[in-house]
Amino acid sequence: MHCSNETHFYCNDGGEPKFIAKIQVCDGSEDCTSSLDECLDRCISSAFSNVNLMISNEHFVSFTWIISLFAVIGNLFVSSRSIRNIFFSKQQLLKHELIIKYLIFNLSLSDLLVGLYTLAICIKNATITKDYCKTDRQWRSGFTCSALGTLLLIGSENSVITLTIITGFRMKTVLRPFAKETSMKMIACLLTLSWVVSIVLGLIPFFNQDFFIDSIWYDRHPLYSTINKKDVVNLSRSLLTKQRFEDDPAIEEKLGTWSLLESLISDLNSTYKVERRFGYYSTHGVCLPTLFPNPNTDTAWLYSLFILIVNFLAFIFIFIGYVKIYRKTREKNAAVSDKLRAELARKMQTKITRIILTDFLCWMPVCIMGFLQVSGINIPYDAYVPVGLIIIPINSALNPFLYSDVPDYVWKKLSPIRSWIYKNIMGRCVRDNFDEKKSSRNRRNVQSGSCRQTYSSTTQLQRVEEIQTSTQRETTF
């Protein structure tokens, strides 16, 4: 009684204990019944979260919603359109056209998984009304969060592998047009292998708990709260008895495993049970895989480093491939006399530049931050939020517009609207600014000239569309 607030923290929640020592506040152990001692503003170090919300910045949340909807709707549209073009096409497709459509369909499915992950995180954040801090541990260590992280890793890795396959196929088509055609069987094998590798990479963290679990958490344990992987060996040695060594000759080989430590703690008291386990997908509330591994604290840092290296090498291959395609198209453009065809070739080069630029901006920051973390330069904990909800998903949202014919298809469907605009706005022969004193002959001349100019522009537009249609089968883009 009459203890000072300088030395004690009062729970004031009607449970037991009534108060705790000040040093126990924000120590990772929920000592108060209501977990109030761990859900204070000073306990939250994240710039994106607070005690009530997983992501508290409204502008950031709004932008994430936009990216999620673009990724899901765009890739659903591309997938459905690809299925229709492959199986219900009104005209016979050439082999290279069919291959490209299969590749685009595979890419859209991969990016759709990333979009679904981001949308699920947005929905989770929207359903949180208050006191997120009290459910943070349950969420991050739960099956749903791990499943979403797995979904993201499978989708993003399959997207990277598919982009690499697309680049290789386009290089072969452009650089070696007279070489032996790529068979559908080979493409099917590559796509199957891509999915198998991606799924295995996503599921491996579930199969080896001792390797991928970074920490465990005991709720209201008198001796331990959060135990990190680096402390397992020393803590196990301190709990081992001479009799345990004599009864189990292979005990030395088990040192450093979670199963042995949990067994030793249970021997102290059978009621001591692990409440939560935090693994590869539990670094942050957004359930992102551990892409920025710290060799000192993350036991699976080599696994993360392997994934980063694969993505980095894939980008280098894509970059070199499109640079070669770009140079080849420039050489062809030098011999083109038709200005309209040259304009189409220029647009193709612009598209290549956009592909390289977007891949660079989306994947290189992730790889660079991961490499810096491994080399000893600390990457802030908050980096997981923009990487998981902005940088990676934005690539999946842009891919439908970069690799498919969705923009051209939408532009074509808007043809009636464009025609109406040309006729009623751009082609309107009205000159309200003319002085009423000018002769009617001058007005007719101006009107006729404007109409002829509008007709010429419309004819030129039709010419561009005809050439685009005629060259659609000749290009793989």
Side-chain angles (χ1 to χ4, degrees), residues 23-31 35 37-39 43-46 49 54 132-150 153 204-240 254-269 271-305 370 373-374 376 378-385 388:
I23 195 175
Q24 292 178 273
V25 178
C26 302
D27 66 344
S29 175
E30 297 178 356
D31 299 292
S35 306
D37 56 308
E38 299 300 316
C39 292
C43 299
I44 309 298
S45 58
S46 173
S49 306
M54 181 171 63
Y132 166 74
C133 175
K134 296 180 180 180
T135 61
D136 173 67
R137 286 188 176 90
Q138 290 83 344
W139 164 249
R140 287 191 293 117
S141 59
F143 174 80
T144 303
C145 187
S146 297
L148 289 177
T150 303
L153 186 59
I204 281 179
F206 286 100
F207 298 145
N208 192 334
Q209 295 291 322
D210 274 331
F211 183 73
F212 286 96
I213 296 297
D214 293 322
S215 62
I216 59 176
W217 178 61
Y218 285 92
D219 185 21
R220 298 180 179 89
H221 194 288
L223 298 177
Y224 313 109
S225 174
T226 300
I227 303 176
N228 295 314
K229 180 67 175 179
K230 61 184 180 64
D231 301 322
V232 172
V233 174
N234 292 334
L235 189 56
S236 298
R237 288 185 182 277
S238 66
L239 295 175
L240 279 171
K254 298 179 181 179
L255 281 176
T257 63
W258 289 111
S259 56
L260 174 62
L261 178 61
E262 292 176 27
S263 174
L264 294 173
I265 293 178
S266 180
D267 289 343
L268 298 177
N269 190 323
T271 61
Y272 297 162
K273 302 295 183 182
V274 177
E275 290 290 331
R276 299 290 170 181
R277 292 178 173 84
F278 301 94
Y280 195 67
Y281 300 109
S282 307
T283 305
H284 194 277
V286 296
C287 309
L288 192 71
T290 309
L291 293 179
F292 312 134
N294 187 338
N296 297 323
T297 58
D298 300 319
T299 56
W301 69 274
L302 284 175
Y303 187 76
S304 299
L305 182 62
Q373 181 75 68
V374 172
N378 184 50
I379 300 298
Y381 174 75
D382 281 344
Y384 278 89
V385 178

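Taking OG of Ser238 as the start and CG of Leu261 as the end, the distance is 8.5 Å to the nearest 0.5 Å. Summarising the geometry, atom CG belonging to Leu240 is positioned 5.0 Å from atom CG belonging to Leu264; distances are rounded to the nearest 0.5 Å. For the atom pair CD1 of Ile213 and CG of Asn228, the computed distance is 12.5 Å after rounding to the nearest 0.5 Å. Asp37 contributes atom CG, which lies 8.0 Å from atom CD of Gln24 (distance to the nearest 0.5 angstrom). Rounded to the nearest 0.5 Å, atoms OG1 (Thr257) and CG (Leu255) are 7.5 Å apart. Phe278 CZ to Thr290 OG1: the interatomic distance, rounded to the nearest 0.5 Å, is 13.0 Å.
Between the side chain of Asn269 and the main chain of Thr271, a donor-acceptor pair closer than 3.5 Å is present. When atom types are taken as modelled, the side chain of Ser49 and the backbone of Met54 share a donor-acceptor pair closer than 3.5 angstrom. Judged purely by atom type and a 3.5 angstrom limit, Ser215 has no side-chain atom pairing as donor or acceptor with the backbone of Thr226. For Trp301 (side chain) and Val374 (main-chain N/O), no donor-acceptor pair under 3.5 Å exists by modelled atom type. A donor-acceptor contact shorter than 3.5 Å is absent between the side chain of Glu275 and the backbone of Tyr218.
The two atoms that bring Ser141 and Ser282 nearest to each other are CA-OG, 4.2 Å, heavy atoms only. Shown here for Ile227 and Trp258, the closest heavy-atom pair between the two residues is O-CH2, 3.3 Å. Nearest heavy atoms, Gly370 versus Pro293: O-CD, 4.4 Å. The two residues Cys145 and Gly285 make their nearest non-hydrogen contact at SG-O, 4.5 Å. Heavy atoms only, all atoms of each residue included: Ile216 and Arg277 are closest at CG2-CG, 3.9 Å. Nearest approach of Pro295 to Gln373, heavy atoms of both residues: CD-O, 4.1 Å.
Every residue was checked against the side-chain hydrogen bond (donor to acceptor under 3.5 Å, both in side chains) condition with Tyr281, not counting sequence neighbours, and none meets it. Under the salt bridge (charged side-chain N to carboxylate O under 4.0 Å, His left out) criterion, Lys273 pairs with no residue at all, not counting sequence neighbours.
Under the 2.5 Å cut-off for SG-SG separation, Cys43 and Cys133 do not qualify: their sulfur atoms lie farther apart than that.
Val286 has its side chain out of reach of Leu148: every pair of non-hydrogen atoms, C-beta onward, lies at least 4.5 Å apart. Annotation: side chain of Leu268 is in contact with side chain of Leu239 (closest heavy-atom distance under 4.5 Å).
For the 3.5 Å distance criterion, the side chains of Ser146 and Tyr280 fail to qualify, holding no donor opposite an acceptor.
Under a cutoff of 6.0 Å and an axis angle of 45°, Arg137 and Trp217 form a cation-pi pair.
Under the 30°/60° scheme for interplanar angles, the aromatic rings of Tyr303 and Phe212 are found to stand perpendicular.
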